[in-house]
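Contents: one structure, followed by commentary.
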There are 2 protein chains.
Amino acid sequence: MNFSDLSERQQRIIHFIVEFTRRNHYPPSIREIGDHVCISSTSVVKYNLSKLESYGFISRAPDKSRGLSVNFPALLASGYPLQQNGEPFQEATLGKKTSTTQRAPELEYYTADEPPVERASSRRFRVPILGKIAAGSPIAVNPREAYDPEDWIELAEGLLNVPADNLFALRVQGDSMIDASVLDGDIVILRHQETAEDGDMVAAWIEGDEETTLKFLQREGPNVRLIPANPNPEYQPIVRPADKVRINGKVVSVIRVLK
Amino acid sequence: MNFSDLSERQQRIIHFIVEFTRRNHYPPSIREIGDHVCISSTSVVKYNLSKLESYGFISRAPDKSRGLSVNFPALLASGYPLQQNGEPFQEATLGKKTSTTQRAPELEYYTADEPPVERASSRRFRVPILGKIAAGSPIAVNPREAYDPEDWIELAEGLLNVPADNLFALRVQGDSMIDASVLDGDIVILRHQETAEDGDMVAAWIEGDEETTLKFLQREGPNVRLIPANPNPEYQPIVRPADKVRINGKVVSVIRVLK
DNA sequence: CTTGACATCGCACAGATGTTCGTGTACCAT
DNA sequence: ATGGTACACGAACATCTGTGCGATGTCAAG
């Protein structure tokens with residue numbers, strides 16, 4: 001199931017859940033979802049939520065208030081665009097089929113009486129290990145399985161050279177992308193972002209190939225060139241139109257585990 | 001406010017919230033907290049929750065179900081013991097004032113109808129970053145010594161391939177030992193041990209040279225051969241009598257921070 | 001046109017959940 | 001004793017919130 005195949009409503013729902021949870025540290029209720037996605041009926045929200053759950057994008061705890069969570073590995077694997085870092089997400093990114101549905105206000109995901117929790121100067125932060133990434137297959141996780149909440153790494157912010165937000169980690173599997181920098185079994189820490197600069201190592205989703213790989217990024221006019229770090233000539237750069245490549249995140253750290 | 005100054009109940013509450021949220025991806029309700037911390041009255045839970053909120057350890061969204069979240073930065077700053085994650089937390093760590101309060105079952109943080117995803121027991125542990133290692137200057141540190149508690153990395157045991165004891169980390173400084181595996185700025189995690197096996201990457205103190213470097217170890221009769229990973233011919237293996245080389249530890253992981 | 005799957009709506013209802021309030025106990029200073 | 005404070009209990013109360021169900025609209029296949 002591809003993220004872009006979802007109905008606009010469902011995409012908006014997922015976006016909202018992600019944003020709301022990020023801001024409030026607890027999931028939204030069905031009615032809150034409905035309000036912000038402009039669905040008047042709670043049952044419709046439930047209907048779509050069930051759909052999303054059957055696709056594996058979210059998990060639900062029946063009969064529990066706010067008992068839902070997004071399945072990030074599955075989302076990433078499906079080409080979920082992860083743009084909305086901290087800011088109200090852009091409707092434009094949601095697919096532009098001029099829907100007959102009404103547009104939403106959707107500027108704030110938190111209610112007035114609960115401003116986003118201000119977590120100032122957090123020196124330490126956790127990086128969840130969301131799953132595996134392997135050449136030839138998308139970010140591989142059991143789509144139904146929520147990521148292991150215990151699998152995370154905790155670092156001090158000063159250790160990295162980027163803001164310590166929107167970080168996640170993946171375990172590299174397989175030899176196919178072995179190169180000087182990333183080996184089988186390594187853990188790569190990425191920062192969610194949909195753009196990157198030339199020379200950055202990124203996890204990129206290649207449309208058509210339907211796979212996510214780690215490559216160095218370089219722009220070439222309308223194209224992007226994805227360069228494997230491995231100098232071995234059998235690993236050739238991949239050149240694709242920019243709109244066929246979706247960047248999932250930028251690699252900010254590689255953790256190598258020696259045997 | 002120090003974490004250890006909290007009443008045992010409040011410590012238990014925080015711990016439960018942390019664990020529950022980690023497992024379920026949504027916060028517990030007041031009654032769920034009460035059940036697992038053995039507080040029969042919801043109002044008592046609310047009372048303590050308000051206290052915790054006034055201390056800044058958690059945030060609450062009034063009138064919203066499960067509208068609470070923990071403030072990790074504040075918790076960590078107050079000395080919250082993080083490493084008991086994953087397993088039912090040890091009462092011993094909670095302060096041993098033999099409370100008159102009843103003891104709790106507290107073996108499960110999840111409700112029966114929402115079993116936790118079964119994970120391989122991954123204990124967590126901290127790795128202190130003891131200092132820098134640079135060619136020319138020895139690492140004048142000793143794992144037993146005190147270290148800045150801010151400077152540490154927390155990992156799950158399963159992440160490494162060695163027992164998670166006697167670990168420490170060093171930040172690599174300088175280019176002198178640049179090679180394919182370890183670059184300037186990297187952090188290496190070592191296990192303190194006096195011996196190592198052939199092929200291990202070790203931090204070795206070379207008597208006479210009066211310096212500590214990272215090299216691959218190989219024995220040669222009475223000698224040891226310290227092989228730089230860098231294939232560049234200018235980096236030649238160092239061969240010394242075994243008694244002139246002192247192994248400080250074995251490298252078990254390398255953390256590379258990209259710019 | 002009929003049919004049925006799909007998506008939606010509105011609404012009632014039950015259960016889940018936070019809050020309030022009266023009460024009790026222990027401790028401590030006055 | 002007296003009063004105050006901190007903490008705890010339980011029950012009643014008011015919402016919040018998920019679910020169920022019938023009705024409606026759309027659209028493509030038969």
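Atoms considered below: every heavy atom in the structure, side chains included; atoms not considered: hydrogens, waters and symmetry mates. Protein chains get the first letters and strands the later ones, always in sequence-line order, with residue 1 at the start of each. Given the structure is predicted, the values throughout are model-derived calculations rather than measurements.
In this structure, A:F20 places its CZ atom 13 Å from C1' of D:dT17, rounding to the nearest Å. What separates CZ of B:R31 from P of D:dT17 is a distance of 14 Å, to the nearest Å. With rounding to whole Å, B:L6 atom CG is found 11 Å from D:dC7 atom P. A straight line from OH of B:Y47 to P of C:dG22 spans 18 Å, rounded to a whole angstrom. Regarding B:K46, its NZ atom lies at a distance of 16 Å from the C1' atom of D:dG10, rounded to whole Å. Counting to the nearest Å, the P atom of D:dG18 and the CG atom of A:D35 are 12 Å from each other. In this structure, the CD atom of A:Q11 is 14 Å from the P atom of C:dA7, given to the nearest Å. Distance, A:I30 CD1 to D:dT19 C1': 8 Å, rounded to whole Å.
OP1 or OP2 of D:dC7 has not a single side-chain nitrogen or oxygen of B:S7 nearer than 4.0 Å. Within the 4.0 Å cut-off from OP1 or OP2 of C:dC9, not a single side-chain nitrogen or oxygen of A:S43 is found. When the side-chain nitrogen and oxygen atoms of B:S65 are compared with OP1 and OP2 of D:dC16, none of them lie within a distance under 4.0 Å. Applying the 4.0 Å criterion to OP1 and OP2 of C:dT19, one finds that B:R60 has a side-chain N or O inside that range. Note on B:N48: every side-chain N or O is 4.0 Å or more away from OP1 and OP2 of D:dA6. Under 4.0 angstrom from either OP1 or OP2 of C:dC9 there lies at least one side-chain N or O belonging to A:R9. Between B:K51 and D:dA6 there is no side-chain polar atom (N or O) within less than 4.0 angstrom of OP1 or OP2. Applying the 4.0 Å criterion to OP1 and OP2 of D:dT17, one finds that A:R66 has a side-chain N or O inside that range.
For the pair B:D63 and B:S41, nearest-nucleotide mapping onto DNA chain D gives the more 5' position to B:S41.
Across A:R225, A:K250, A:R219, a single residue satisfies salt bridge (charged side-chain N to carboxylate O under 4.0 Å, His left out) together with A:D198, and that is A:R219.
Below the 3.5 angstrom threshold, one finds a donor paired with an acceptor across the side chain of B:T42 and the base of C:dT19.
Using modelled atom types, one side-chain atom of A:Q11 and one backbone atom of A:L6 make a donor-acceptor pair closer than 3.5 Å.
Taking the six-membered ring for Trp and thresholds of 30 and 60 degrees, B:F57 and B:Y55 have ring planes more than 60 degrees apart, a perpendicular arrangement. Ring geometry, B:F20 versus B:Y26: the interplanar angle exceeds 60°, so the pair is classed perpendicular (tilted spans 30 to 60°).
Using a 4.0 Å cut-off between charged side-chain N and carboxylate O, A:R12 and A:E19 make no salt bridge.
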